[in-house]
Amino acid sequence: MNVEGHVYVNDNLRTLIYEEINAYKTNKSSTFLPAVVQIANVSTLPGIVKASIALPDVHAGYGFAIGNVAAFDMSNEKAVVSPGGVGFDINCGVRLLRTNLFYDDIKNKQEELAQLMFNHIPVGVGSQGVIICNQEYLDDALCSGMDWCVKEGYSWVEDKANCEDNGRSLYADSNCVSIRAKKRGITQMGTLGAGNHYAEIQIVDEIYDKKSAKLMGIEKKNQVCVMIHSGSRGLGHQIATDALIDMEKSMKKYKINVIDKQLACTPIHSKEGQNYLKAMGAACNFAWINRSSMTFLARQAFSKCFNQSPDDLDMHVIYDVSHNIAKIEDHIVNGKLKKLLVHRKGSTRAFPPFHPLIPLDYQYCGQPILIGGTMGTYSYVLTGTEKAMDVSIGSTCH
DNA sequence: ATGTCC
């Protein structure tokens, strides 16, 4: 190990991760190594600084554990970037919209509202979108992120201000995205996907910080919000797949040995590393466009249900934050300001998600301020695997 | 997570 592994868990979670290790000892045919072993393996990668960090949602994933945060020193020419540290669903993230409605306003219209959401937002594996997009449009979109959405009239200008990186990756270059990835993405703009992805109508259950809540337009309990959890669909998946194949080759070229084949990586400053970051940036832009497109569709659904404009319903974006991304950031490491490539895979992050003066170990912990410990109380859930009318009570965690 | 294998 080049650095320590830091694991943030409570007693219950610690029991779970020990159980995972014991289960692996009796059955080693599992696709993934136990999460704690993955945390340790990541600590052996070239150029890692400070620690391989596991946040409370830690569980086994491809190469890196989900919940793993790992930062690499940009001034170290051997420091690496690894697609496994970002994940297959590049820039998967959550977005919260507010409304000026309260539970009493929707309690007799819940089925109608859920059905309207379901009718507007395509869901499921292989689902295709209604947002008009051709090849030329797609290249522009992949380079421009939410600026493209504003230009096309899908986003409000102010949406960008409440979105991580203003909804636009500086690394994006559509020339680094394969034809195949573009082909998969071109029909999927404004689609939810499957698995743990959802578009959910939520009721504010408790306000923990009145001042912050007021700033975000949340005034009192029972206010109606919409949360959208989705990512870069087939486009991001293909970019990750392409990069893993490319890096398997580049590891021979740069003579990099890794402890686990799933930790395929390449020097950040290599041609292959730069190509991945540019393609990853394009996938990030696609995911922001995707969530923005579904914001557009959710606004339409609400507008139809209540016969008011989305503006009259005050349907602003409160925040949009990624949990599958690698970014170049300035951080203080052992008292010195350093430029780092930070891999974040999984983990709900605090809002605002990043501040250079907050130690690396702490700034990724915590839930969004408004939501507290759970992410939905009386919510209608729309996912690719659930029916439109399923009601989720309690926490919907990702 | 994913046209759940090109």
Side-chain angles (χ1 to χ4, degrees), chain A residues 29-33 35 38 55 57-69 82-95 121-131 133 135 138 142 177-200 227-246 248-249 261-264 276 279-291 293-294 320-326 343-349 375 381-386 396-398:
Chain A
S29 65
S30 166
T31 321
F32 299 143
L33 293 167
Q38 294 186 318
L55 296 175
D57 67 332
V58 62
H59 56 288
Y62 184 92
F64 288 55
I66 296 156
N68 193 183
V69 178
S82 175
V86 173
F88 278 91
D89 190 2
I90 297 165
N91 190 9
C92 186
V94 287
R95 167 176 293 209
I121 302 174
V123 302
V125 174
S127 57
Q128 306 211 331
V130 290
I131 306 292
C133 185
Q135 183 71 54
L138 186 64
L142 292 177
V177 178
S178 68
I179 300 287
R180 197 167 165 193
K182 288 178 185 173
K183 207 172 171 181
R184 286 179 70 173
I186 203 159
T187 59
Q188 294 186 322
M189 209 174 263
T191 63
L192 190 69
N196 61 0
H197 287 169
Y198 59 82
E200 184 172 278
M227 186 172 272
I228 295 167
H229 174 207
S230 187
S232 50
R233 309 283 286 109
L235 182 128
H237 191 275
Q238 191 61 47
I239 286 171
T241 306
D242 291 342
L244 285 165
I245 294 164
D246 195 35
E248 215 168 303
K249 289 180 211 151
K261 196 186 160 208
Q262 291 184 358
L263 294 175
Y276 171 66
M280 185 209 69
C284 287
N285 284 339
F286 187 85
W288 279 315
I289 289 170
N290 193 30
R291 290 196 286 278
S293 302
M294 284 184 282
D320 180 305
V321 63
S322 170
H323 48 244
N324 277 14
I325 198 165
H343 296 66
R344 295 193 184 87
K345 179 175 177 180
S347 300
T348 303
R349 291 153 65 200
M375 284 219 172
V381 179
L382 306 177
T383 75
T385 51
E386 310 281 338
T396 53
C397 194
H398 49 87

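The chains referred to below are lettered A, B, ... by the order of the sequence lines, with proteins before strands, and numbering in each begins at 1. Keep in mind that the numbers below use all heavy atoms, side chains included, and drop hydrogens, waters and symmetry copies.
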Length of the line joining A/Arg180:CZ and B/dT2:P, which is rounded to integer Å: 16 Å
task: Check whether any side-chain nitrogen or oxygen of A/Arg233 sits under 4.0 Å from OP1 or OP2 of B/dT2, and answer yes or no.
output: yes
query: Can you tell me how far P of B/dA1 sits from CZ of A/Arg291, to the nearest Å?
result: 13 Å
task: Round to the nearest Å and state the distance from A/Ile90 atom CD1 to B/dT2 atom C1'.
output: 12 Å
task: Report the distance from atom CD of A/Gln262 to atom P of B/dA1, rounded to the nearest whole Å.
output: 17 Å
- prompt: Whole Å only: how far is the CZ atom of A/Phe88 from the P atom of B/dT2?
  reply: 12 Å
- request: May I ask you to decide if the ring planes of A/Phe64 and A/His343 are parallel, tilted or perpendicular, using 30° and 60° as cut-offs?
  value: parallel
query: Which part of the nucleic acid, if any, lies within reach of A/Gln128 when heavy atoms closer than 4.0 Å are counted: base, sugar-phosphate only, or nothing?
result: nothing
- line: Residue set satisfying side-chain contact (heavy atoms from CB on, under 4.5 Å) with A/Asn324, at least two apart, ordered chain then number -> A/Asp89, A/Cys92, A/Lys345
task: For residues A/Ser178 and A/Asp242, report the shortest heavy-atom separation together with the two atoms involved.
output: OG-OD2, 2.6 Å
field: Whole-Å gap separating P (B/dT2) and CD1 (A/Ile66)
entry: 13 Å
message: Need one value for A/Gly234: base, sugar-phosphate or nothing, where a base atom within 4.0 Å counts as base even if backbone is also close, heavy atoms only.
response: sugar-phosphate
message: If I take atom CG in residue A/Asn91 and atom C1' in nucleotide B/dA1, what distance separates them, rounded to the nearest angstrom?
response: 13 Å
message: Which residues pass the side chain to side chain donor-acceptor pair (under 3.5 Å) test with A/Thr191, not counting sequence neighbours?
response: A/Arg233
- prompt: How many Å lie between CD on A/Gln238 and P on B/dC6, as a whole number?
  reply: 8 Å
